[in-house]
Amino acid sequence: MANFQGMARKLCEQLRAAGIQDEKVLRVIEQTPRHQFMPESLAHKAYENTALPIGNGQTISQPYIVALMTSLLLAQNPRKVLEIGTGSGYQTAILASLVDEVFSVERISALQYQAKRCLKKLDLHNVRTKVGDGWQGWQSKAPFDGIIVTAAAARVPEALLNQLSSEGGVMVMPLGETRQRLLVIKREGDDFTYRDLEDVRFVPLVEGDPE
Ligand code: SAH
């Protein structure tokens, strides 16, 4: 898809109209080939502002949500970020273009493998991915300045709160089951402040062993 940038530019106009203001985030979305992160049969829809299936019952998040969550995270200038739910690797790629280091955990090995290949193809070498249970975070790499969870948890994972930097660490995550809300949690020392933003729709953050 040679002319993806024209379509990506139009997508960014829609994101701007929807309220996304962070120009750095918009620029990276404009330059990232989202069509490479999905099955070829869906590539013609890659620059629409919608979530799309990526196999194994999972989805690539809607560009608006990727832009919103990334902007919320970036507002705190994180350098080292943990992502839970690699999925297609698209959100990972956006983050990797904006921060120094990204660590990403995915429970389905087939998706992790595919995402890793896509990220490598784009020369994004500041990313480490692994198959694991996101409820546990990535303890050996903690603390993180930022954590982004791209699947909805029924409660806030304790391990993730603990792995957040105590000096202004910020976590962006959807919380809830039938009704999900986007939360921004900020840590200062052992104080956590919660900001509740808007209704969102994510696949569940599954509990149990990776597949
Ligand atoms: N950021 C991804 C979103 C993928 S959907 C993208 O834009 O493509 C959410 C992903 O979270 C799925 O791939 C799902 O397998 C994964 N997931 C769900 N529960 C998980 C868990 N407990 N640990 C790690 N990953 C999990």
*salt bridge (charged side-chain N to carboxylate O under 4.0 Å, His left out) with R181: which residues, sequence neighbours excluded?*
D196, D199
*With sequence neighbours excluded, tell me which residues meet side-chain hydrogen bond (donor to acceptor under 3.5 Å, both in side chains) with Q180.*
none
*asked:* Quick test of your reading: applying ring-ring contact (aromatic ring centres under 6.0 Å, His included), list the pairs with at least one residue in residues 11-41, sequence neighbours left out, ordered by first then second residue.
replied: F4-H35, H35-Y47, F37-Y90
*Identify, with sequence neighbours excluded, every residue that meets salt bridge (charged side-chain N to carboxylate O under 4.0 Å, His left out) alongside R195.*
none
*Can you list the residues that meet the side-chain hydrogen bond (donor to acceptor under 3.5 Å, both in side chains) rule with S61, with sequence neighbours excluded?*
none
Contacts under 3.5 angstrom, residues 167-176 side chains, donor-acceptor by atom type, not counting sequence neighbours:
none

*asked:* Can you tell whether the side chains of E106 and K116 come within less than 4.0 Å, N to carboxylate O?
replied: no
Contacts under 3.5 angstrom, residues 200-211 side chains, donor-acceptor by atom type, not counting sequence neighbours:
{"from": "R201", "atom 1": "NH1", "to": "T178", "atom 2": "O", "distance (Å)": "3.3"}
{"from": "E207", "atom 1": "OE1", "to": "R155", "atom 2": "NH2", "distance (Å)": "3.4"}
{"from": "E207", "atom 1": "OE2", "to": "R155", "atom 2": "NH1", "distance (Å)": "3.2"}
{"from": "E211", "atom 1": "OE2", "to": "R107", "atom 2": "NH1", "distance (Å)": "3.2"}

*Show the numbers, then the answer: is there a side-chain contact (heavy atoms from CB on, under 4.5 Å) between K45 and L52?*
CA-CA 8 Å; K45 292 190 174 183; L52 292 166; 4.0 Å; yes
*So with a 6.0 Å cut-off around CZ of F192, is the heavy-atom count from everything else above 12?*
yes
*Do any N or O atoms from the side chain of Q163 and from the backbone of A142 form a donor-acceptor pair under 3.5 angstrom?*
no
*salt bridge (charged side-chain N to carboxylate O under 4.0 Å, His left out) partners for E30, two or more places apart*: R9
*Taking atom types as modelled, find out whether T86 and Q112 have a side-chain donor-acceptor pair closer than 3.5 angstrom.*
no
*Step by step, work out the side chain to side chain donor-acceptor pair (under 3.5 Å) result for T70 and Q91.*
CA-CA 8 Å; T70 308; Q91 168 79 75; 2.9 Å; yes
*T129 side chain to S104 backbone, donor-acceptor under 3.5 Å*: no
*Would a distance-only check, ignoring hydrogens and angles, find a side-chain to backbone donor-acceptor pair under 3.5 Å from T150 to I84?*
yes
*Donor-acceptor contact below 3.5 Å, side chain N126 vs main chain V99*: yes
*Residues that R27 engages under salt bridge (charged side-chain N to carboxylate O under 4.0 Å, His left out), provided they are two or more places apart*: none
*Among pairs that include at least one residue of residues 128-144, which meet salt bridge (Lys or Arg N to Asp or Glu O under 4.0 Å), considering only residues two or more places apart or in two chains?*
none
*Within a radius of less than 6.0 Å around CD of E23, do more than 12 heavy atoms belonging to other residues, nucleotides or ligands occur?*
yes
*Could you give all pairs that pass the salt bridge (Lys or Arg N to Asp or Glu O under 4.0 Å) test and reach residues 67-96, with sequence neighbours left out?*
R79-D100
_Checking W138 now: which residues fulfil ring pair (Phe, Tyr, Trp, His ring centres under 6.0 Å) with it, not counting sequence neighbours?_
F103
